[in-house]
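Read the numbers this way: they start at 1 and go in the same order the structure lists the ligands and their atoms.
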Amino acid sequence: MSGNTFGKLFSVTTFGESHGPAIGCVIDGCPPGMTLSEADIQPELDRRKPGTSRHVTQRQEADRVEILSGVYQGVTTGSPIALLIRNEDQRSKDYGNIADSFRPGHADYTYWHKYGVRDPRGGGRSSARLTAPVVGAGAVARKWLREKYGTELMGYMSALGDIAVPFEGWEHVHANPFFAATGDAALLQRMEETMDQLRRDGDSIGARIDVVARGVPVGLGQPIYDKLDADIAYAMMGINAVKGVEIGAGFASVAQRGSEHGDELTLEGFVGNHAGGVLGGISTGQDITVSLAIKPTSSIRVPRRSIDKAGNPATVETFGRHDPCVGIRATPIAEAMLALVLIDHALMNRAQCGDVQVATPKLK
Ligand SMILES: C=C(O[C@@H]1CC(C(=O)O)=C[C@@H](OP(=O)(O)O)[C@H]1O)C(=O)O
């Protein structure tokens, strides 16, 4: 009801603010009997944490996760799992000059009208820092999915602003600060220069992120309202700054014919994956492919027109430590959200349809 909980059977409630003492989440419904320790979660948080290159926010947070409950002798018990991440590097004075006005493109304005109370310390609940607990919960989900079905989740940046970054191979993704799946040195150099110029300009830029789930069993998803692709879109739109989601061919479907779009079935497998791994809202067993449009960060140094709380015209400039392209750190977050959707649907499918068997081959 209050927009802080995600998922039905594997439900995650996040808490905390960017400049409060800590952030975290409570996971309810994790299956018992899975080995789990901080070491399973920390590497995912390390992929997302701030301060890892000059192209992201310089706020220094270790994002060290503590498991407070739900695990006994290294095994999940079925009780709620609480994950805690302490904030260490808050600097609320950066927000002093905008405490009474509204950043264009930011949630400041809508939160103020909705709640009538403003947390002047940083972005509060609307901060992208709140994606850290989501990544923590996603790490638990992806471990279960890997152990149960061999599911793997991967993602990469496929565009930085108007620079398209073609996919070359997964081996490149962690060899550059952008999560780009390319080894093209000239292209990476162009991306670095674009970001350096943006930083000098005090401006920001958008990005496109592609996410893939491989090894998803056939049959996940519900027929009408809780379609797998609908829940994926819902989940992705829950990530800060996401303005668009495509599944499979997405908006390119508009220009396709049925003879091209519909992936033919052969005994060797599906021919193509325009469906993005989902037909009729239910997983096909192929890769689930999702693409996200991430808007340019709204906290920028460029002076812009706004108003203040009293209704006077104001000029807004945001100082402090911000991501000039929040999309650079979005890849692990998108993977985590996809994992949360998949585990929830896997548990729901197990409940209703766990005994169903048909003799038809399962295609890939
Ligand atoms: C700290 C993180 O990113 C933050 C995301 C963010 C925002 O407004 O979204 C604003 C900045 O934080 P602060 O509230 O301290 O100004 C970023 O540094 C993080 O992702 O962990």
Side-chain angles (χ1 to χ4, degrees), residues 14-25 41-65 83-99 101-112 118-139 177-179 195 198-199 202-207 209 238-243 294-302 304 306 316-337:
T14 69
F15 62 84
E17 293 87 21
S18 169
H19 286 213
I23 54 177
C25 66
I41 303 171
Q42 194 62 52
E44 290 303 319
L45 288 166
D46 291 346
R47 292 173 69 216
R48 190 219 71 96
K49 73 180 178 187
T52 49
S53 85
R54 71 179 188 279
H55 304 306
V56 300
T57 170
Q58 293 306 299
R59 183 165 157 174
Q60 296 298 322
E61 292 286 351
D63 279 357
R64 199 173 62 76
V65 66
L83 303 182
L84 187 75
I85 300 165
R86 293 174 202 276
N87 291 325
E88 294 170 347
D89 188 21
Q90 305 95 320
R91 211 166 69 188
S92 297
K93 69 174 168 39
D94 289 343
Y95 288 85
N97 68 323
I98 54 165
S101 54
F102 310 103
R103 284 166 280 183
H106 196 276
D108 293 337
Y109 177 77
T110 47
Y111 272 48
W112 174 247
R118 185 125 174 219
D119 177 349
R121 308 162 302 169
R125 276 299 277 177
S126 68
S127 171
R129 176 139 186 77
L130 266 298
T131 56
V134 169
V135 169
F178 303 107
F179 293 87
M195 291 307 302
L198 263 180
R199 216 171 42 253
D203 214 337
S204 62
I205 203 172
I209 306 297
I239 299 174
N240 306 57
V242 171
K243 281 293 187 188
I294 312 241
K295 72 175 184 178
T297 321
S298 48
S299 299
I300 57 177
R301 287 205 323 274
V302 176
R304 286 168 302 158
S306 183
V316 170
E317 298 165 70
T318 314
F319 301 103
R321 302 160 300 175
H322 296 283
D323 293 274
C325 174
V326 78
I328 291 178
R329 293 194 297 132
T331 298
I333 305 163
E335 293 170 22
M337 281 313 293

Go through the steps to decide whether R64 and E88 satisfy the test salt bridge (Lys or Arg N to Asp or Glu O under 4.0 Å), and finish with yes or no. CA-CA 10 Å; R64 199 173 62 76; E88 294 170 347; 5.9 Å; no
Under the side chain to side chain donor-acceptor pair (under 3.5 Å) rule, what do H322 and T297 come out as? Steps first, then yes or no, please. CA-CA 8 Å; H322 296 283; T297 321; over 6 Å; no
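Ring geometry for H19 against Y95 counts as perpendicular: the plane angle is over 60°, on a 0 to 90° scale with 30° as the lower cut.
Ion pair R301/D203 not flagged as a salt bridge, since none of the NZ, NE, NH1 or NH2 atoms sits closer than 4.0 Å to an Asp/Glu carboxylate oxygen.
No option in R329, R129, K49 other than R129 meets the salt bridge (charged side-chain N to carboxylate O under 4.0 Å, His left out) test with E61.
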As a test of reading the model: which N/O atoms of the protein lie under 3.5 Å from N/O atoms of ligand 1, and at what distance?
from, atom 1, to, atom 2, distance (Å)
ligand 1, 3 (O), R329, NH2, 3.3
ligand 1, 9 (O), A128, N, 2.7
ligand 1, 14 (O), S18, OG, 2.8
ligand 1, 14 (O), H19, NE2, 2.9
ligand 1, 14 (O), Y95, OH, 3.2
ligand 1, 15 (O), H19, NE2, 2.8
ligand 1, 15 (O), R59, NH1, 2.6
ligand 1, 16 (O), Y95, OH, 2.5
ligand 1, 18 (O), T57, OG1, 2.7
ligand 1, 18 (O), R321, O, 3.3
ligand 1, 20 (O), R48, NH1, 2.9
ligand 1, 20 (O), R48, NH2, 3.4
ligand 1, 20 (O), R329, NH1, 3.1
ligand 1, 20 (O), R329, NH2, 2.8
ligand 1, 21 (O), R48, NH2, 2.7
ligand 1, 21 (O), R129, NH1, 2.7

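In this structure R48 satisfies the side-chain hydrogen bond (donor to acceptor under 3.5 Å, both in side chains) test together with D63, T131, sequence neighbours excluded.
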